[in-house]
J.: 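One structure, as structure tokens, below. Some questions next.
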Amino acid sequence: MVEMSKMMLPMTLSKPTRKQVATTAATCVVLAYCARKLWPQLWSALGKKKSKKLETVLNKLESEGIKNKKNGASHNVDKLFYTQLRYLLKIIIPSVWSREFGILVLHTGTLFARTFLSIYVATLDGRIVQTIVKRDLRSFLLRLTQWLLIAIPATFINSLIRFLESKLGLVFRTRLVNHAYEQYFSDQTYYRVSNLDSRLSNADQCLTDDISMFTQSLAHLYSHLTKPMLDVALISFTLYSFASSRGASSKWPTIIATIVTFITAQILKAVSPKFGKLVAEEANRKGYLRYIHSRIIANAEEIAFYGGHKVEQNLLVKAYKALAQQTDLIFMKRLWYIMLEQFLMKYGWSASGLIMVAIPIMSARGGGIRADGSSVDDDPDGGVSERTKVFTTARNLLINSADAIERMMSSYKEITELAGYTARVTEMFHVFEDVKTGKYQRSMVTKTVQSKAKHAKISGPMQIMGNVMDTDATIDIEDLPIITPNGDIIVSSLTIKIEPGMHLLITGPNGCGKSSLFRILSGLWPAYKGKLHKPPPSKMFYIPQRPYMSLGTFRDQVIYPDTYDDMKEKGCTDKDLEKILEIVNLQLIVEREGGWDSRSDWKDVLSGGEKQRMGMARIFYHKPQFALLDECTSAVSIDVESKIYQAVKDAGICLLTITHRPSLWKFHTHLLQFDGEGGWRMEALDTNTRLSLNDEKQRLETQLAGMPAMKNRLKELCSILGDDSVLLSKTDSSTDLQLTEQESS
């Protein structure tokens, strides 16, 4: 509103001629019209240069936006927005005795204090100008001293307002992040969100950037709405009292202010773009770009081996172009909106402000009546100094009030942006709540690749009707289907019972349901029907083929997921851990890596075999009832592997093992074999018989491996000799017969 105050000051510069003003105005109108008309054509011409792959990325992002809209995500300032905001506010401010509410009250108090200071400073400015007009040096110095003294608390309060706004955003974010983390890491939600549900494509984006932008926008919006409302209310009351005390009319200024404000608000509301939807889409594309980056980081070694840097670079460039295009669209929307907003609020309101200030001064009785009944016109200077003081004070108050109304109206754009962040954060919490209760929504993927196993598929929504119950020491499965999150039925019905003392070997081709069974036993996948009675997760321990190495000390790798405090509560010492490492042949690594408290990136420091043995060491530390082992010793030598498995059995731990190594068969008592086509069988394992059959199978494979080479050599000899072979003729005839039967069938 600096321009507004400048327009109200007496003009001392030379005035432009009417011709110059008309020429300048006509030029601005023509330029604005041309830019408005030509820009869509330029934009469409530039858009034609997009590659087809970029269009694919844009279509994917748009489909995700449509999907979010169908799921109830709204980015408009409507009833749903207020419902979502109220839901989040209950999380951010749990009670009136919370720290967040205390900071909010303190922040509100500073806003009140700043408004009263603004009124006092405006009044003091009028008095200073009055002393200048009167040429009263003593009074001028006194008022100037007051002005400088009041500047000290005023500047402190201004700084305190910014500090409390930032502090409020930080405590809001802390409260919301803590609540989000608690939800995210309870009941394996972090796994279910990304593997069983497809509504949140980038959970990390929601947990970091979206929460941060939401809390910052909320704190900023509270400050920029509360203070303007206070300014308008208190300043309007001050101006009304000021005019009434001097016998001036405040009727017409009030009518003018109301009409101008109403018309401006209606125009801006009508032409305002949907900034909430635009910002939400921008956040979605930022998340997709981050997802591409995270994939490259997670798979850097594989990409480097394949030399796939060009493909990954192209994906990054396309994702960034999609983001840049959306950001540029927002800039273009803001260009015309801000132009209209500035014209109405700065120049239109400045002209209205001059009229509003002039009417009370010109309509005052006798130039104005003081509280003691004296007339302003009776002053020695004809009331010039008094009217100057009144004009200056009223002008400053009107500038502050107009600036406050401008901030309230311009805040509508910020409210629409807040609506976008509110929708994304609320949707994240709703998805967390749904997956915790077993409500999943996933986009089904249809596979067109032909395979031997043709699994049935569930096309509609999947209902969880299984009976899952924790038991003491038995795994009892009855009529349990193995169904993937994509709806593929791998095994329609599985019924097995594993009692203490049994050690189960699980075999079968790839994709037959071996690892899927472990996911159901661990609680990662739901039991859609049937009965599943099993020990609680604390009594079952899963070791994958690639054990996870956490961030922390070397000790943390052995006791994971326990902490050092958990280890001490169990009464375990470093000496006990050394004995465990001796079982898995890792006792020398402690000294090699610098002791138990050494820290490194263990994923890269330890070799593949060492990481697998570290995973097996965790079994001896946690001592579960059941150990679920999924090809977890494929990189370990056979002698060390046998030593470890024997130690696990001696510790009284039941083995459930997925392996292709015949050397481990002797450590198991039963066999569960999947055929890859939905069938299965479970039986007692006769290790000797199975080993002899396996040896015979390997001999036949070795003998048959040479048959193609011998046949090719026979063909070469027949070609050299120019003769036919009876064996080749029989083989070709049988092959033709088989092809004919296949065609006829």
Side-chain angles (χ1 to χ4, degrees), residues 185 190 297-302 304 503 518 522 537-659 661 663-664 666-667:
F185 288 101
Y190 58 91
I297 295 173
N299 303 282
E301 184 176 358
E302 290 83 354
H503 302 282
F518 280 2
S522 300
S538 59
K539 296 183 180 181
M540 304 177 69
F541 203 80
Y542 173 71
I543 305 294
Q545 186 174 8
R546 298 174 59 184
Y548 173 69
M549 296 290 110
S550 67
L551 299 175
T553 64
F554 185 76
R555 182 190 297 105
D556 294 335
Q557 309 312 309
V558 182
I559 65 177
Y560 185 83
D562 280 1
T563 62
Y564 184 59
D565 293 336
D566 296 332
M567 170 184 155
K568 290 191 294 184
E569 289 180 3
K570 290 182 177 180
C572 186
T573 63
D574 290 344
K575 292 292 184 181
D576 298 327
L577 298 184
E578 290 177 2
K579 294 179 181 179
I580 292 175
L581 293 186
E582 289 180 2
I583 299 176
V584 297
N585 282 16
L586 289 178
Q587 63 273 17
L588 299 179
I589 296 185
V590 180
E591 183 178 355
R592 185 190 77 186
E593 299 300 335
W596 290 106
D597 295 319
S598 60
R599 293 177 178 270
S600 292
D601 189 357
W602 303 109
K603 179 175 66 70
D604 298 327
V605 170
L606 301 179
S607 65
E610 290 172 341
K611 285 186 284 189
Q612 287 191 343
R613 283 181 280 165
M614 182 65 72
M616 295 298 293
R618 294 169 181 170
I619 295 179
F620 297 103
Y621 168 77
H622 291 284
K623 299 177 182 178
Q625 287 185 356
F626 291 88
L628 311 180
L629 310 178
D630 189 355
E631 294 283 358
C632 62
T633 54
S634 57
V636 181
S637 60
I638 294 179
D639 55 338
V640 176
E641 181 185 53
S642 300
K643 173 187 174 184
I644 295 174
Y645 270 79
Q646 187 60 49
V648 173
K649 290 187 64 177
D650 295 341
I653 300 173
C654 294
L655 297 172
L656 277 73
T657 308
I658 298 174
T659 184
R661 282 189 173 182
S663 59
L664 295 179
K666 59 185 177 183
F667 299 106

J.: Distance from Tyr645 atom OH to Leu655 atom CG, nearest 0.5 Å?
T.: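 These two atoms lie 7.0 Å from each other.
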
J.: If you apply the rule side chain to side chain contact (heavy atoms under 4.5 Å, CB included), what do you find for Leu664 with Thr633, and how did you get there?
T.: CA-CA 10 Å; Leu664 295 179; Thr633 54; 4.1 Å; yes

J.: Which residues pass the side-chain contact (heavy atoms from CB on, under 4.5 Å) test with Lys539, not counting sequence neighbours?
T.: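 For Lys539 the side-chain contact (heavy atoms from CB on, under 4.5 Å) partners, ignoring immediate neighbours, are Pro535, Pro536, Gln625.
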
J.: How many angstroms lie between CG in Leu581 and CH2 in Trp596, if you round to the nearest 0.5 Å?
T.: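 CH2 of Trp596 is found 4.0 Å from CG of Leu581.
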
J.: Are the side chains of Met614 and Pro547 in contact, using a 4.5 Å heavy-atom criterion?
T.: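 No - every pair of side-chain heavy atoms lies 4.5 Å or more apart.
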
J.: Going by the side-chain hydrogen bond (donor to acceptor under 3.5 Å, both in side chains) test, which pairs reach into residues 577-589, not counting sequence neighbours?
T.: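 Matches after skipping sequence neighbours: Asn585-Lys643.
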
J.: Holding to salt bridge (charged side-chain N to carboxylate O under 4.0 Å, His left out), I want the full list of residues that pass it with Arg599, two or more places apart in sequence or in another chain.
T.: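 Here no residue qualifies.
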
J.: First locate atom CD1 of Ile653, then atom CD1 of Ile619, and finally report the distance between them rounded to the nearest 0.5 Å.
T.: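 The CD1 atom of Ile619 is 6.5 Å from CD1 of Ile653, to the nearest 0.5 Å.
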
J.: Asp562 and Glu569: side chain to side chain contact (heavy atoms under 4.5 Å, CB included), yes or no, with the steps?
T.: CA-CA 10 Å; Asp562 280 1; Glu569 289 180 3; over 6 Å; no

J.: Would you check if Ser642 and Phe667 make a side-chain contact, meaning some heavy-atom pair closer than 4.5 Å?
T.: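 Contact flag for Ser642/Phe667 side chains = yes.
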
J.: If the condition is side-chain contact (heavy atoms from CB on, under 4.5 Å), which residues does Asp565 pass it with, not counting sequence neighbours?
T.: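 Asp565 satisfies side-chain contact (heavy atoms from CB on, under 4.5 Å) with Thr563, Lys568 only.
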
J.: Say you draw a straight line from OG1 of Thr659 to CD of Gln545; how long is it, rounded to the nearest 0.5 Å?
T.: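 Interatomic distance, Thr659 OG1 to Gln545 CD, rounded to 0.5 Å: 9.5 Å.
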
J.: Can you name the nearest heavy-atom pair linking Gln557 to Arg618, along with the distance?
T.: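 It is O-NE, 2.7 Å.
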
J.: Looking only at non-hydrogen atoms, find the nearest pair between Pro544 and Cys632 and report the distance.
T.: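 That closest heavy-atom pairing would be O-CB, 3.5 Å.
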
J.: How would you list, by chain and number, every residue that makes a side-chain hydrogen bond (donor to acceptor under 3.5 Å, both in side chains) with Tyr190, sequence neighbours excluded?
T.: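 If we apply the side-chain hydrogen bond (donor to acceptor under 3.5 Å, both in side chains) test to Tyr190, skipping adjacent residues, there are no hits.
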
J.: If I compare all heavy atoms of Trp602 with all of Gly552, which pair ends up nearest, and what's the gap?
T.: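 Scanning both residues, the minimum pair turns out to be NE1-O, 2.9 Å.
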
J.: Can you pull out every side-chain hydrogen bond (donor to acceptor under 3.5 Å, both in side chains) where at least one residue sits in residues 605-615? Sequence neighbours excluded, please.
T.: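 Checked against side-chain hydrogen bond (donor to acceptor under 3.5 Å, both in side chains) - neighbours excluded - the pairs reaching residues 605-615 are Arg592-Glu610, Ser607-Glu610, Gln612-Ser634.
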
J.: Within the structure provided, determine whether Val558 and Leu586 are in side-chain contact (heavy-atom separation under 4.5 Å).
T.: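 No - every pair of side-chain heavy atoms lies 4.5 Å or more apart.
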
J.: Could you grab the distance from atom CG of Asp639 to atom CD1 of Ile644, nearest 0.5 Å is fine?
T.: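 Interatomic distance, Asp639 CG to Ile644 CD1, rounded to 0.5 Å: 9.5 Å.
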
J.: If every non-hydrogen atom of Leu577 is compared with every non-hydrogen atom of Cys572, which pair is closest and at what distance?
T.: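 So the minimum-distance heavy-atom pair works out to CD2-SG, 4.0 Å.
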
J.: What pair of heavy atoms forms the shortest contact from Phe518 to Ile658, and how long is it?
T.: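 In this case the closest contact between Phe518 and Ile658 is CE2-CD1, 3.6 Å.
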
J.: Let me confirm one number: the CG-CG distance from Leu656 to Leu628, rounded to the nearest 0.5 Å.
T.: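 If I round to the nearest 0.5 Å, the distance is 5.5 Å.
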
J.: Listed by chain and number, what are the side-chain contact (heavy atoms from CB on, under 4.5 Å) partners of Cys654, not counting sequence neighbours?
T.: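 Scan of Cys654 (side-chain contact (heavy atoms from CB on, under 4.5 Å), adjacent residues dropped) gives Phe626.
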
J.: Mind checking what makes salt bridge (charged side-chain N to carboxylate O under 4.0 Å, His left out) contact with Asp556, not counting sequence neighbours?
T.: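 Per chain and number, Asp556 pairs via salt bridge (charged side-chain N to carboxylate O under 4.0 Å, His left out) with no residue.
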
J.: Tyr548: what forms a ring-ring contact (aromatic ring centres under 6.0 Å, His included) with it, not counting sequence neighbours?
T.: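 So Tyr548 forms a ring-ring contact (aromatic ring centres under 6.0 Å, His included) with Tyr560.
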
J.: Restricting to ring-ring contact (aromatic ring centres under 6.0 Å, His included), what partner residues turn up for His503, sequence neighbours left out?
T.: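 Here no residue qualifies.
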
J.: Who are the side-chain contact (heavy atoms from CB on, under 4.5 Å) partners of Ala647, not counting sequence neighbours?
T.: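 side-chain contact (heavy atoms from CB on, under 4.5 Å) list for Ala647, sorted by chain: Ile583, Phe620.
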
J.: Locate the shortest heavy-atom distance separating Ile559 from His622; write the atom from each residue and the value.
T.: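 It is O-NE2, 3.4 Å.
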
J.: Run the side chain to side chain contact (heavy atoms under 4.5 Å, CB included) test on Phe554 and Ile589 for me, step by step, so that the C-alpha distance in whole Å, both residues' side-chain angles and the decisive distance to 0.1 Å come before the verdict.
T.: CA-CA 9 Å; Phe554 185 76; Ile589 296 185; 3.6 Å; yes

J.: What residues, two or more places apart in sequence or in another chain, satisfy salt bridge (charged side-chain N to carboxylate O under 4.0 Å, His left out) together with Arg555?
T.: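 Expected list: Asp574, Asp597.
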
